[in-house]
Amino acid sequence: MIRRLTSTGLILVQKLTQLFSEDSNQQSKDVELDDTLFFILERNEILAIRELIPLILKADPDQRQKIIQSIEYLYKTVPLQALPQLDEQLRHGFGYQIPEGWQKLTVASIEQFKIHAPYNAMIWGLLSCHPNGYLREQACRRLIQFQTGEEISFLLLRVNDWVEPIRTLAQTAIESRFKPSNLTHFLERVLLISCLEIQQRHNLRDITQAIYHFLLESANQNEVLSTLSSAPLHDRRKLYQLCLNSADNQFLISVLKIGLRDPDNHIRFWNGRFLIEQSNINPEPYLHQLKYDRFMPNRRLYLNYVIEHQSENSGKVLNECLLDQHASIRELARFHLRKRGKQEFADIYRDKLEQSNKKVQLIALRGLTETGKAEDVPLFLKHLNSETAVFRQIALRGLVRHDGEKYLETILLHLADGSKKVSNEAKNGLIILNGVYRSREKLLIIFKQTAYLHTKVNILHLFGHLPKWDALIYLLKAEAHSETGLDGFLDRHFKKWMANTNQSFTTLSSQQVDTIMQHLLEVGEAFPHYKKIKLFLEDWRKTENKGRL
């Protein structure tokens, strides 16, 4: 997103404008110009371009070169897909603070511009974004004369202009550039074309379809395929969307071969889905790539295809998918196997746990967590002693799911695990089992004794699940034994408690008031919320405990 000029940027631009409106010493003017341009570039004040362009008319040759180079630097920081936004911003004023030489430019004045390659296309292109339609048209006519490829970006902007003669002029110029020498320039601008379509200022279907047809011509296909392997991510995504609309099956096969190996998950998924659901191409030579793809939706595409089109092979594949890394694939495989009468999946996972391969063991433990029973608890307890944190985490999850009530103490102990993931799993387990209230004193003991910050943070989260007044008491107890690294976490919980204080009707007893006041005095007046809580308790006492919260 292109931001508007900052207040400092406005001052710098105003300083430049004044510099060229005064008769000052040439040497001091050069120094001041260098300094001001340096600060504009350092702050990346892109919209300073507006007022730098008119200064070209007033500057001497050396100064003109510095200004044009500064404009080029700022322009080059704008991504191609952000050019429509730059076009919009160049037509807006800065306000009364600046004389705005940009707004005062006329068709006659721009003819006095003395610009030489390689900057001419850029300057005339920026002038073609002027708010004056006559000036835009004249700049567009000058722009058409250049054949460097840089002019194509600005001509595309003008194809979306409000004024019909300018649109027609730009569209004719674009169509005249459908040549092999310009193919790379159009490939680099597919995202810009897409952004212009999104604006919906005019119906650009005819010109965009003409551009896309040019890109997908058979003579250009090798260049397009090469670009698919090297273009930036978002350009690549747009190009794949275009290429998958081609009617040339041979070209589509080449696109799919590249697309199914692309590092981007979305691109591989689009290609896989197109291959299976939309194309007339036989997908079977490419199924192995979907089968072993690291992105789960692609593996799901493969599994669904096998179930629908290869029923004789699907049983074997479904059994293999029981050991997929992702839970949704495992569940999909179990769903289809249940439809075929198979029920006992836990036995498969128990057998796989006996293998020496750690990766298979971990997947089997996950599967047993999903399908096991209470009698599998010894297996979960065994893996709770594993040296590998992820085994402890999954074993803890299985314990909570299948017989957690009996092992509340074990779950509590793993809150203080050295692994953050295991501690988080124990925290979630206590919440699921509604064991926070029963364990509140033990939680406080663990909070005081543990050296792990993640354990303390998880216990504070659990205190937040206590009933309202108990939550405040235990948060105050935690505050009394807290350390520097916990200040932000504690403050967040106290703010949350204060924000929810009056959102339920809960009676506060005199004993609870005394307990809270006692703990409040222990934490001391340095506690940020001391005054608010104390005032609240004093007001409660004054009303003789007859209040609604």
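Dense packing is recorded around NZ of Lys66, with more than 12 heavy atoms of other residues, nucleotides or ligands lying under 6.0 Å away. Summarising the local packing, NZ of Lys421 is surrounded by 12 or fewer heavy atoms from other residues, nucleotides or ligands at distances under 6.0 Å. By the neighbour-count criterion of 12 heavy atoms within 6.0 Å, atom CD of Glu42 is densely surrounded, having more than that number from other residues, nucleotides or ligands. Heavy-atom contacts from other residues, nucleotides or ligands closer than 6.0 Å to OH of Tyr452 number 12 or fewer. Summarising the local packing, CD of Gln209 is surrounded by more than 12 heavy atoms from other residues, nucleotides or ligands at distances under 6.0 Å.
A 4.5 Å side-chain heavy-atom check between Leu332 and Cys321 finds every atom pair outside the cut-off. The shortest distance between side-chain heavy atoms of Arg300 and His326 does not fall below 4.5 Å. Looking only at side-chain heavy atoms (C-beta outward), Gln221 and Gln250 stay at 4.5 Å or farther from each other. At least one side-chain heavy atom of Pro84 sits under 4.5 Å from a side-chain heavy atom of Leu192. Annotation: side chain of Pro131 is in contact with side chain of Trp102 (closest heavy-atom distance under 4.5 Å).
Salt-bridge formation is detected for the pair Glu137/Arg141: a Lys NZ or Arg NE/NH1/NH2 atom is positioned less than 4.0 Å from an Asp or Glu carboxylate oxygen. Salt bridge annotation for Arg3-Glu45: present, with a cationic side-chain nitrogen under 4.0 angstrom from a carboxylate oxygen.
With Asp262 contributing its side chain and Ile258 its backbone, the two residues share no donor-acceptor pair below 3.5 Å. Arg299 places no side-chain N or O within donor-acceptor distance of the main-chain N or O of Ile329, the cut-off being under 3.5 Å.
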Inset, instruction - Please assess Asn424 against His454 for the test side chain to side chain donor-acceptor pair (under 3.5 Å), listing each intermediate value before the final yes or no. - result: CA-CA 8 Å; Asn424 289 346; His454 60 258; over 6 Å; no
Inset, instruction - Would you sort out whether Arg268 and Asn271 count as a side chain to side chain donor-acceptor pair (under 3.5 Å), showing the intermediate values? - result: CA-CA 5 Å; Arg268 293 199 311 280; Asn271 280 269; over 6 Å; no
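Asp161 and His202 share no side-chain donor-acceptor pair at under 3.5 Å.
The CZ atom of Arg158 sits 5.0 Å away from atom SG of Cys129, with the distance rounded to the nearest 0.5 Å.
Aromatic ring pairs are classed by plane angle as parallel below 30°, tilted from 30° to 60° and perpendicular above 60°; the pair His493 and His461 is perpendicular. Classification of the Phe295-Phe269 ring pair by plane angle, with boundaries at 30° and 60°, yields perpendicular.
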